[in-house]
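All remarks here apply to the structure that follows.
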Amino acid sequence: MLSSAASAEQSTLRHDWSTQEVVTLLNLPFAELMYRAQSVHRAYFNPVSIQLSTLLNIKSGGCSEDCAYCPQSARYDTGVTSESVLDVDTVLTAAKQAKAGGATRFCMGAAWRSPKDRDLDKVVPLINAVKDLGMETCVTLGMLQPAQARRLKSAGLDYYNHNLDTSPEYYGEIITTRTYQDRLDTLSAVREAGINVCCGGIVGMGETLTDRANLLVSLANLPSHPESVPINLLVRVEGTPLEDAAPTDVFDLIRTIAVARIMMPASFVRLSAGRREMTEEAQAWCFFAGANSIFYGEELLTTPNPLATADRALFAKLGMAPTGVAG
Ligand code: SAM
Ligand code: DTB
Ligand code: SF4
């Protein structure tokens, strides 16, 4: 729930960020940046509350796209096999388990460039079934046409995840099979249909600090801020073109999260992929920087995530509590 000061500020959320001012924020002395991010965070959110989303890969592998980070592209030999869409019972079992563990949102991912209408025939019953459990629903299915977005909205979909991934300038180094504008068009279709937008990116793909700034500028200067902003640390998967990417300094991730928090103060900022490589201390800094959501459960899509028991132990150490409130 927003404080009254925060609700007054809602109308003043900014959509006119410049690259230079975001570069300046990213370069602030660490203590200054943490103080500013934490102050903004406290104006909008309970700082010890964390939203938990669980992921399930409902259609694995065999994707036609060439996203350089992705183990599910058919172009790379990563050992991920191509499967068909999971059935309702399998999905329901996973969703019930996620709910029992404390997750409030269930996110279903499919390795498609864009779904066909007959693909949506299979996804709609999954959304219905998860919704009936009383969980928030999220799907990520690739590019969508406006009519497809409206169909998902009618099925009861709460969130659609579609990431910008990186800056417009660096994008062509990572993906050649669809454009930045294609992604923006899907985001508009989702927004127009009245579905909440989940949109973020990846840190650690060889991008510069200016690229990180421009990813954040692209997100915050959208007509409305995404309700959810996943910040992923690249998971370097063997067989992908980015398997040997230089390791990321975790302070770069913490700074990116802090600046996302300052720029999109009312949004949930999710510390997403990459937590398995991070220490508890680094994750604690991410929470202090304004991350208030995580992917929770032992798997992301094809790669491992920290165990739920480890996450619960970390929350206990930090005095944090999972939220039951929709975000
Ligand atoms: N096929 C759909 C699409 O591309 O929109 C949905 C699934 S796709 C796996 C969703 C997002 O996961 C990507 O946009 C990317 O941001 C993230 N992702 C995929 N592989 C990743 C990796 N190895 N490390 C970090 N993030 C990754
Ligand atoms: C997002 O931003 N990150 C998630 C979710 N949205 C779909 C996916 C992370 C995938 C990490 C690599 C894998 O497990 O395949
Ligand atoms: Fe396909 Fe999505 Fe992976 Fe790109 S990120 S290769 S579109 S599954």
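Numbering of ligands and ligand atoms starts at 1, following listing order.
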Please report the shortest heavy-atom distance between [X] and [Y], naming the atom on each side.
{"X": "Ile202", "Y": "Leu215", "value": "N-CD2, 4.4 Å"}
{"X": "Met34", "Y": "Ala258", "value": "CE-CB, 3.8 Å"}
{"X": "Ile231", "Y": "Leu253", "value": "CG2-CD1, 3.8 Å"}
{"X": "Ala273", "Y": "Asn232", "value": "N-OD1, 3.0 Å"}
{"X": "Leu144", "Y": "Ala189", "value": "O-CB, 4.1 Å"}

Which residue supplies the protein heavy atom nearest to [atom], what is that atom called, and how far is it?
{"atom": "atom 11 (C) of ligand 1", "answer": "Asn163 ND2, 3.7 Å"}
{"atom": "atom 14 (O) of ligand 1", "answer": "Asp165 OD1, 3.1 Å"}
{"atom": "atom 20 (N) of ligand 1", "answer": "Tyr69 CD1, 3.3 Å"}
{"atom": "atom 4 (Fe) of ligand 3", "answer": "Cys67 SG, 2.3 Å"}
{"atom": "atom 27 (C) of ligand 1", "answer": "Ile202 CD1, 3.9 Å"}
{"atom": "atom 7 (C) of ligand 1", "answer": "Thr140 OG1, 3.9 Å"}
{"atom": "atom 12 (C) of ligand 2", "answer": "Thr303 OG1, 3.6 Å"}
{"atom": "atom 1 (Fe) of ligand 3", "answer": "Cys63 SG, 2.3 Å"}

Item checked: Verdict with supporting geometry, Tyr180 and Leu164, side chain to side chain contact (heavy atoms under 4.5 Å, CB included) -> CA-CA 7 Å; Tyr180 215 73; Leu164 289 178; 3.6 Å; yes
Is the contact between [X] and ligand 1 made by the side chain, the backbone, both, or neither, using heavy atoms and a 4.0 Å cut-off?
{"X": "Ala110", "value": "backbone"}
{"X": "Val235", "value": "both"}
{"X": "Leu301", "value": "side chain"}
{"X": "Glu65", "value": "neither"}

Looking at [X], which atoms of ligand 2 are within less than 4.0 Å of one of its heavy atoms?
{"X": "Pro230", "result": "2 (O)"}
{"X": "Pro71", "result": "15 (O)"}
{"X": "Leu301", "result": "7 (C), 8 (C), 13 (C), 14 (O), 15 (O)"}

Hey, which atoms in ligand 3 end up nearer than 4.0 Å to a heavy atom of [X]?
{"X": "Tyr69", "value": "5 (S)"}
{"X": "Ala111", "value": "8 (S)"}
{"X": "Cys70", "value": "3 (Fe), 5 (S), 6 (S), 8 (S)"}

With backbone taken as N, CA, C and O and side chain as the heavy atoms from C-beta onward, which portion of [X] lies under 4.0 Å from ligand 2: side chain, backbone, both, or neither?
{"X": "Cys198", "result": "neither"}
{"X": "Asn161", "result": "side chain"}
{"X": "Thr140", "result": "side chain"}

Checklist line | Residue-ligand contact Leu233/ligand 1, heavy atom below 4.0 Å | finding: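 Within the 4.0 Å threshold, so yes.
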Margin query: Could you check whether any heavy atom of Gly109 sits closer than 4.0 Å to an atom of ligand 1, since that is the contact criterion I want to use?
Written below: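 Gly109 does not count as a contact of ligand 1 under the 4.0 Å cut-off.
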Note to self: In this structure, would Val235 and Leu242 fall into the same cluster of hydrophobic residues linked by side-chain contacts under 4.5 Å?
What the structure shows: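 Looking at the clustering, Leu242 is in a separate group from Val235.
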Item checked: Joint cluster assignment, Tyr35 & Val259, ILVMFWY side-chain distance < 4.5 Å ->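 Different hydrophobic clusters.
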Next item on the list: Look at the aromatic rings of Phe268 and Phe45 and report parallel, tilted or perpendicular, splitting at 30° and 60°.
Entry: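 Geometry flag for Phe45 against Phe268: perpendicular rings.
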Note to self: Protein non-hydrogen atoms only, distance under 4.0 Å: does atom 1 (N) of ligand 1 have such a neighbour?
What the structure shows: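 Protein heavy atom within 4.0 Å of atom 1 (N) of ligand 1: present.
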Next item on the list: May I ask you to list the atoms of ligand 1 that are less than 4.0 angstrom from any heavy atom of Leu234?
Entry: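 The atoms of ligand 1 under 4.0 Å from a heavy atom of Leu234 are 24 (N), 25 (C).
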Next item on the list: Run the numbers for me: atoms of ligand 1, each under 4.0 Å from some heavy atom of Trp112, listed by number.
Entry: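 Numbered from 1, ligand 1 contributes 1 (N), 2 (C).
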Check: Quick one: is the NZ or CZ of Arg255 closer than 6.0 Å to the six-membered ring centre of Phe30, and within 45° of its axis?
Finding: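 So Arg255 doesn't make the cation-pi contact.
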Between [X] and [Y], is any pair of side-chain heavy atoms under 4.5 Å apart?
{"X": "Ile58", "Y": "Val139", "answer": "no"}
{"X": "Met263", "Y": "Arg14", "answer": "no"}
{"X": "Tyr170", "Y": "Asn214", "answer": "no"}

Check: Out of curiosity, is Phe295 lining ligand 2, as in a heavy atom under 4.0 Å away?
Finding: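 Judged by the 4.0 Å heavy-atom criterion, Phe295 does count as contacting ligand 2.
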Checklist line | contact_flag Gly200 ligand 2 heavy-atom lt 4.0 Å | finding: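 Gly200: no contact with ligand 2 (<4.0 Å).
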[Y]/[X] salt bridge by N-O under 4.0 Å criterion:
{"X": "Asp311", "Y": "Arg275", "value": "yes"}
{"X": "Asp165", "Y": "Arg183", "value": "yes"}
{"X": "Arg276", "Y": "Glu298", "value": "no"}
{"X": "Arg212", "Y": "Asp252", "value": "yes"}

Quick test of your reading of the structure: of [options], whose heavy atom lies closest to [atom]?
{"atom": "atom 7 (S) of ligand 3", "options": "Arg178, Gln72, Arg75, Met143", "value": "Arg178"}
{"atom": "atom 9 (C) of ligand 2", "options": "Asn232, Leu234, Asn163", "value": "Asn232"}
{"atom": "atom 4 (O) of ligand 1", "options": "Gln72, Met108, Arg178", "value": "Arg178"}

Check: Can you check whether Thr302 has an N/O within less than 3.5 Å of an N/O in ligand 2?
Finding: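 There is such a contact, yes.
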Notebook entry, point to check: Checking side chain to side chain contact (heavy atoms under 4.5 Å, CB included) for the pair Val123/Leu141: CA distance, chi angles, key distance, verdict?
Noted result: CA-CA 9 Å; Val123 174; Leu141 314 173; 4.2 Å; yes
